[in-house]
Amino acid sequence: MSSNRSAIAWQGEPLPSGRHKLAQAEVRASQRARILRGILEVVAKQGYEAATVAQVVAAARVSRNAFYELFDDRTDCFIAACDEQATELLNTVLAFAAEPDWIAALRAGMRAYLDWWAQRPAFARAYFIGLPAAGQAAVAQRERAYAQFRQMFVELGRRARAEQPSLPPLGELVPRVLVLTITELVAEEVRAGRTERLPGLEPELVRLAGKLLADDSSVRRALVG
């Protein structure tokens, strides 16, 4: 794996020293982006419980005052970083909703989802290993992310039935089962230090999702498509 795949891409360089002509909004946006990256780096390296605001501002190269002008505390900052990354992931997956049929959308979306995590091992460690230590705020963040992905599977099920009217109604538990199963399988690989192997899960996960969202014939289509 190349080095650019093993790091979270910088979202902005440090502000120039001394006087500059940047608007206050630009200054704040730059500081916020660097702080969010900084906390993900620190948590990925040593865990959430050991991370400190001092370490985050050092990694971000901003002042402690700048940190507290943007975030209430370490937890507020970490949850904001996770929310931002979760939104990026969802948008990446949903970009494939325009595929010509639901099976194609499922395959392309699953591939994008697994590749996204494989390309961000530092964030994957921070999210799957560090986030649970953030307490109730972490539970709320996970639920926000899970709800969006459950809705995505509901929509895939709707598309499947529009294309295959003979399918029975989608079970209410199916989207929940898929989100929890896929998330935990990814987390298991991350905890074991096998993030780069995540794309290899695609065939089995597409097969599982196709079977739960539709039927065996859909699984066969997924395998030969």
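Both backbone and side-chain heavy atoms feed into the values below; hydrogens, waters and symmetry mates do not. Every value quoted in this text rests on a predicted model; they were computed, and no experiment measured them.
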Undergrad: How about Glu163 and Arg159: do any of their side-chain heavy atoms sit closer than 4.5 Å?
TA: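 Side chain of Glu163 against side chain of Arg159, heavy atoms only: contact under 4.5 Å found.
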Undergrad: Is the closest side-chain heavy-atom distance between Thr52 and Arg74 below 4.5 Å?
TA: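 SC-SC contact between Thr52 and Arg74 ruled out.
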Undergrad: Does the side chain of Ile79 come within less than 4.5 Å of Leu131's, by heavy atoms?
TA: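 Answer yes - side chains close enough.
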Undergrad: How about Tyr113 and Ile182: do any of their side-chain heavy atoms sit closer than 4.5 Å?
TA: yes
Undergrad: Can a cation-pi geometry be assigned to Arg142 and Tyr127, taking NZ or CZ under 6.0 Å from the six-membered ring centre and within 45° of the ring axis?
TA: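 The answer is yes, since Arg142 meets both limits relative to Tyr127.
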Undergrad: Measure the acute angle between the ring planes of Phe123 and Trp117, then classify it against the limits of 30° and 60° as parallel, tilted or perpendicular.
TA: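 It falls in the parallel class, under 30°.
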Undergrad: Does the side chain of Leu213 reach to within under 4.5 Å of the side chain of Leu178, using non-hydrogen atoms?
TA: yes
Undergrad: Taking side-chain hydrogen bond (donor to acceptor under 3.5 Å, both in side chains) as the definition, give me every residue that meets it alongside Glu143, ordered by chain and number, with sequence neighbours left out.
TA: Arg150
Undergrad: On the 0 to 90° scale, with breaks at 30° and 60°, tag the Tyr48-Phe78 ring pair as parallel, tilted or perpendicular.
TA: parallel
Undergrad: Flag the pair Lys45 / Arg125 as yes when at least one side-chain heavy-atom distance between them is below 4.5 Å, and no otherwise.
TA: no
Undergrad: Would the number of heavy atoms belonging to other residues, nucleotides or ligands and lying under 6.0 Å from CZ of Arg176 be above 12?
TA: no
Undergrad: What do the steps show when you test Leu40 against Gln85 for side chain to side chain contact (heavy atoms under 4.5 Å, CB included), and what is the final call?
TA: CA-CA 10 Å; Leu40 293 180; Gln85 293 291 312; 4.0 Å; yes
Undergrad: Taking the side chain as everything from C-beta on, heavy atoms only, tell me whether Glu189 gets closer than 4.5 Å to Thr195.
TA: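 Side-chain contact under 4.5 Å: no.
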Undergrad: For Phe149 and Phe153, what are the C-alpha separation, side-chain angles and deciding distance, and is it a ring-ring contact (aromatic ring centres under 6.0 Å, His included)?
TA: CA-CA 6 Å; Phe149 281 96; Phe153 283 119; 7.7 Å; no
Undergrad: Report whether Leu156 and Leu201 are members of the same hydrophobic cluster (ILVMFWY, side-chain heavy atoms less than 4.5 Å apart, transitive linking).
TA: yes
Undergrad: I'd like to know whether Glu84 forms a salt bridge (charged side-chain N to carboxylate O under 4.0 Å, His left out) with Arg32, so could you lay out the CA-CA distance, the side-chain angles of the two residues, the decisive distance to 0.1 Å, and finally the verdict.
TA: CA-CA 11 Å; Glu84 186 172 276; Arg32 186 178 190 277; 3.1 Å; yes
Undergrad: For Glu155 and Trp102: C-alpha separation, side-chain torsions, deciding distance, then whether side-chain hydrogen bond (donor to acceptor under 3.5 Å, both in side chains) applies.
TA: CA-CA 9 Å; Glu155 176 60 17; Trp102 79 272; over 6 Å; no
Undergrad: Find out if a path of hydrophobic residues (ILVMFWY) with successive side-chain heavy-atom gaps under 4.5 Å connects Leu94 to Val154.
TA: no
Undergrad: List for me each residue that meets side chain to side chain contact (heavy atoms under 4.5 Å, CB included) alongside Val139, sequence neighbours excluded, and say none if there are none.
TA: Gln136
Undergrad: Can a salt bridge be assigned to the pair Arg207 and Glu204 using a cut-off of 4.0 Å between side-chain N and carboxylate O?
TA: yes
Undergrad: Quick check: do Asp73 and Val53 have side-chain heavy atoms less than 4.5 Å from each other?
TA: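 They are not in side-chain contact.
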